[in-house]
Amino acid sequence: MPPLIESLYHGCLIPEEQVVPKDPQYRECSKKLSEAMEVWKKRMSAEEFSKLEELLDLQQEIQGMEMASAFTYGFKLGALMIIEVHFGDEPKGPFKLNQSEGLGKYHWGSREDT
């Protein structure tokens with residue numbers, strides 16, 4: 001397996017394509033959803049069902065945005081924890097962290113901040 005940074009650069013590292021929930025209820029819920037969709041497909045006209053599918057696609061798009069945001073937040077938080085472990089609570093010099101806008105919203109300080 002190539003190094004992670006190399007995989008990321010070449011577009012081979014796509015977390016959303018690799019993650020399948022391990023919750024035992026995941027497959028059961030997925031099956032129920034598929035069965036329910038079939039029921040609605042039979043009950044509705046083709047046009048109505050198409051509108052329902054559009055609505056569900058929009059919901060999936062929103063969930064994708066939420067997942068990307070949660071992933072980004074979690075990744076940044078993990079990186080900040082590593083920095084804090086390495087540098088301590090108050091890093092000095094060009095590595096000083098400035099906290100703004102609440103938990104997890106950090107940015108690197110400039111050399112002038114030191």
Side-chain angles (χ1 to χ4, degrees):
M1 180 175 175
L4 289 175
I5 294 174
E6 204 174 293
S7 295
L8 182 62
Y9 175 80
H10 292 291
C12 301
L13 186 61
I14 307 169
E16 69 180 1
E17 291 180 0
Q18 304 299 318
V19 177
V20 177
K22 294 180 180 169
D23 188 315
Q25 294 179 341
Y26 173 76
R27 294 213 189 277
E28 183 181 331
C29 288
S30 183
K31 182 181 175 187
K32 285 180 181 178
L33 178 61
S34 293
E35 290 169 354
M37 288 298 290
E38 283 301 314
V39 169
W40 284 107
K41 189 174 187 176
K42 291 175 185 173
R43 286 184 183 175
M44 302 172 113
S45 70
E47 184 178 332
E48 289 172 325
F49 187 73
S50 177
K51 293 288 184 190
L52 176 61
E53 286 182 314
E54 287 176 20
L55 181 65
L56 293 174
D57 288 345
L58 185 59
Q59 178 63 35
Q60 279 188 318
E61 192 174 331
I62 290 168
Q63 286 174 333
M65 290 178 208
E66 291 169 345
M67 287 173 40
S69 197
F71 175 85
T72 301
Y73 179 84
F75 191 92
K76 287 178 181 180
L77 186 59
L80 288 170
M81 286 180 187
I82 291 169
I83 291 167
E84 185 175 304
V85 166
H86 184 73
F87 292 107
D89 291 343
E90 292 293 328
K92 306 290 185 225
F95 301 107
K96 179 180 174 186
L97 292 172
N98 298 310
Q99 185 176 13
S100 64
E101 301 176 24
L103 177 65
K105 301 287 186 178
Y106 290 84
H107 60 277
W108 289 104
S110 67
R111 293 196 183 274
E112 292 80 35
D113 292 339
T114 60

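Along the sequence shown, residues are numbered consecutively beginning with 1. For clarity, every value in this text was computed on a predicted model and none was experimentally measured.
- Other residues, nucleotides and ligands place more than 12 heavy atoms under 6.0 Å from the CD atom of E54.
- Residues passing the salt bridge (charged side-chain N to carboxylate O under 4.0 Å, His left out) test with E28 are K32, sequence neighbours excluded.
- Residues that satisfy the side chain to side chain contact (heavy atoms under 4.5 Å, CB included) test with M44, not counting sequence neighbours, are W40, E48, F49, L52.
- In terms of the side chain to side chain contact (heavy atoms under 4.5 Å, CB included) criterion, residue partners of F75 (sequence neighbours excluded) are, by chain and number, F71.
- Taking CG from L77 and OG1 from T72, the interatomic distance works out to 12.5 Å, rounded to the nearest 0.5 Å.
- Here the side chain of S7 pairs a donor or acceptor atom with the backbone of P3 at under 3.5 angstrom.
- Here S50 contributes atom OG and D57 contributes atom CG; the two are 9.0 Å apart, rounded to the nearest 0.5 Å.
- Every side chain to side chain contact (heavy atoms under 4.5 Å, CB included) that Q63 has, sequence neighbours left out, goes to Q59, Q60, E66.
- Within a 6.0 Å radius of NE2 in H86, no more than 12 heavy atoms belonging to other residues, nucleotides or ligands are found.
- The CD atom of E84 sits 11.5 Å away from atom CD1 of I82, with the distance rounded to the nearest 0.5 Å.
- Applying the side chain to side chain contact (heavy atoms under 4.5 Å, CB included) criterion to E47, with sequence neighbours excluded, gives S45.
- Think of Y26 as one node in a network of Ile, Leu, Val, Met, Phe, Trp and Tyr side chains linked at under 4.5 Å; its network also takes in V20.
- Think of I5 as one node in a network of Ile, Leu, Val, Met, Phe, Trp and Tyr side chains linked at under 4.5 Å; it has no links at all.
- Taking both residues in full, the closest heavy atoms of L13 and L4 are given as CD2-O, 4.1 Å, listed atom of the first, atom of the second, then distance.
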